[in-house]
Engineer: 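Attaching a single structure in structure tokens format; questions to follow.
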Amino acid sequence: MNARRSNFWALFWGALAILYFFLPLYGTLDFSLRMKRGELSLQAYQIVFSDPRFWEGFRYSTLMALITIVISVLIFVPTVYWLHLKVPQARPVVEIITILPFIIPAIVYVFGLIRTFSRPPLQLTLSPFTTDILIVTGYVVISMPYMFRAVDVGMRAIDVRSLTEAAQSLGSNWFQILAHVILPNLRIAILSGALICFATVMGELILASFLVRPALGPYMALLGLTKAYEPAALAIISYALTWFSLGLIQLISRGGTAQQFTGR
Amino acid sequence: MSHLELIHLHKSFGHSVAVQDFNLSVQPGEFVSFLGPSGCGKTTTLRMIAGFELPTSGVITLDGRDLTYTPPNKRNVGMVFQSYALFPNMTVAQNVGYGLKIAGKPKAEIAARVQQMLALIQMEKFAARYPYQLSGGQQQRVALARALAIRPQVLLLDEPLSALDAKIRLELRQEIRRIQRQLGITTIYVTHDQEEALSLSDRIVVMSQGKIEQVGTPTEIYNEPATEFVAQFVGHINLLPVEILSPAEGLVRLGNQVLRAGRFGHLNGKAVRLAVRPEELNPGRVDGLNNLSGRVESVTYLGSIVRIRLEVEGHLLALDMFNERRLKLPRSGEPLDVHFPVEACWLL
């Protein structure tokens, strides 16, 4: 009797949670399909996809996301590796540093960037290229909590110290250890971090808006001010992109090679 | 000339001293075990030989070459870890061949050596498997083959059997010894298991609190422990506080009972303890031998042996007997006499 009652409440709360999460999404999807009066159509999506500014924003954000991922991997993999191997006592300090992007609002951060880098000696806001350098460094900082944690979790899943020492005793130098032993065993962790990083950069608004770069975030915001159905279509596209990334993470980490890479 | 020499090795971590004044010469092909409780410095010493820790002072030489500050990847020393440390992203064959690949050996040579090593550990059929597809014992065998594949000058094993269950541990222990003898490789083995050390080693280094307590063959360590620590750490021992009656003859007194010690060279007239192994004691009195009278405190079955605890002059004394079917065991509270040879006991 008790078990039946608890089952009922579990189902009830589960259903309520699903409604809470999916009802607004369904509302947005339904709205995005009602551009033509009296019928369901993909017209809003067609308009978005035929807009060259959308593709410009998409291409720009994708490129920035990829550069951000490469730089993040180059920074965080060796950093977390060194942290695990040589200075584990510094972990609490580093963990606090990595959650700073969650604590400091992006608007404060971007004003800091503009104030610091729009004047000598390091004036980076003068040309689009140098502004792109600035925006990528900003994206690296914003995505730091995700990339750091993904790599950190991956490192915890393997016995970094023993693997490093085993490789050393077999003649490997530091580069060979990272390339042959550590990186291949962190593939899933790095990929997970990279996909979250990608989703974060693709939807980022504040940095791109204030640094005046043609990213997808500002385009979505601009469209939201002037149009009705297209922003809804864009929101669904953005959701799809994020869910696709998350699905990919799930697929890879559940795949047959997962055990092989984590050794479990 | 010695193969591996550790000269006045000292290692401190901040204010904590891990190893102090460690001196050891290891001959080619010798199997030496570092035995001691946790925190005695045995693993730190091994890690200094491997190059994972730098000594605070002292020198390590291998065939006359000073290795003290040589990086681990340039030492040509093979290492087997307690946690196996196989590379999860590589197959068994790739793991075994990894060191040769790093050394830039030709593919054909690597393949031949991998085959040879897998044959040595009797795991030829497992070449294509990944570590997670192997049992703990199999993984440790692969780790051993991987360490040996590079033809190291010294093989280091850091408690390689600790993570395995008792049966596999016994099998693998014999296999390690077989392979070591077959290859004639100089081996340093770290363990806290006295049985492992006694059964495997040519020589044992017993350590406590960062210092060497005794270096000797298993027989020397067991039968002639140099210190009270060694006597207590290796095997079971009875230590009875005695009073010296005649330093010249080794005569001592326990309560009202007089005994003679077999070894008493270092007697200095102070109160000492008489050491005797439980298996040296036998029930009954025999003229000409040491005899003690006491009362049975408890009788405990330990499988192949039965341990009887006697109370003698207010002290507990253990006596081990083989568990034979016709054995008549005394009951708790009964009086019991025991005897043991003079040469089976010594003064500490």
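Lettering of chains follows the sequences in order, A, B, ..., and the numbering in each one begins at 1. Given the structure is predicted, the values throughout are model-derived calculations rather than measurements.
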Engineer: Write out, in numerical order, the residues from residues 163-177 of chain A with a heavy atom short of 4.5 Å from a heavy atom in chain B.
Structural biologist: A:Leu163, A:Glu165, A:Ala166, A:Ala167, A:Gln168, A:Ser169, A:Leu170, A:Gly171, A:Ser172, A:Asn173, A:Gln176
Engineer: From B:Tyr98 OH over to A:His180 NE2, what is the distance, rounded to the nearest 0.5 angstrom?
Structural biologist: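 Reported value, rounded in 0.5 Å steps: 5.5 Å.
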Engineer: Roughly how far, to the nearest 0.5 Å, is CG of A:Asp159 from CZ of B:Phe81?
Structural biologist: 9.0 Å
Engineer: Among B:Ile102, B:Val77, B:Val80, who wins on heavy-atom pairs under 4.5 Å with chain A?
Structural biologist: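 If we count pairs closer than 4.5 Å to chain A, B:Ile102 comes out on top.
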Engineer: Within the supplied structure, the quantity of interest is the number of heavy atoms (other residues, nucleotides, ligands) at a distance under 6.0 Å from A:Phe49 CZ; does it exceed 12?
Structural biologist: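 Result for CZ/A:Phe49: enclosed.
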Engineer: Anything in residues 29-59 of chain B with a heavy-atom distance to chain A below 4.5 Å? Please list those residues in order.
Structural biologist: B:Arg47, B:Phe52
Engineer: Determine the sole option in A:Asn185, A:Leu183, A:Leu186 for which the side-chain contact (heavy atoms from CB on, under 4.5 Å) test with B:Asn89 is passed.
Structural biologist: A:Asn185
Engineer: OH of A:Tyr20: more than 12 outside heavy atoms within 6.0 angstrom?
Structural biologist: no
Engineer: Once salt bridge (charged side-chain N to carboxylate O under 4.0 Å, His left out) is applied, what residue pairs with a partner in residues 130-150 of chain A remain, sequence neighbours excluded?
Structural biologist: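 The answer is A:Asp132-A:Arg213.
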Engineer: Going by salt bridge (charged side-chain N to carboxylate O under 4.0 Å, His left out), name the pairs with one or both residues in residues 134-158 of chain B, residues two or more places apart or in two chains.
Structural biologist: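 Every pair satisfying salt bridge (charged side-chain N to carboxylate O under 4.0 Å, His left out) with a residue in residues 134-158 of chain B: B:Arg141-B:Glu175.
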Engineer: Would you mind checking which part of B:Leu86 comes under 4.5 Å of any heavy atom in chain A, side chain (CB onward), backbone (N, CA, C, O), both or neither?
Structural biologist: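 Just its backbone gets close to chain A.
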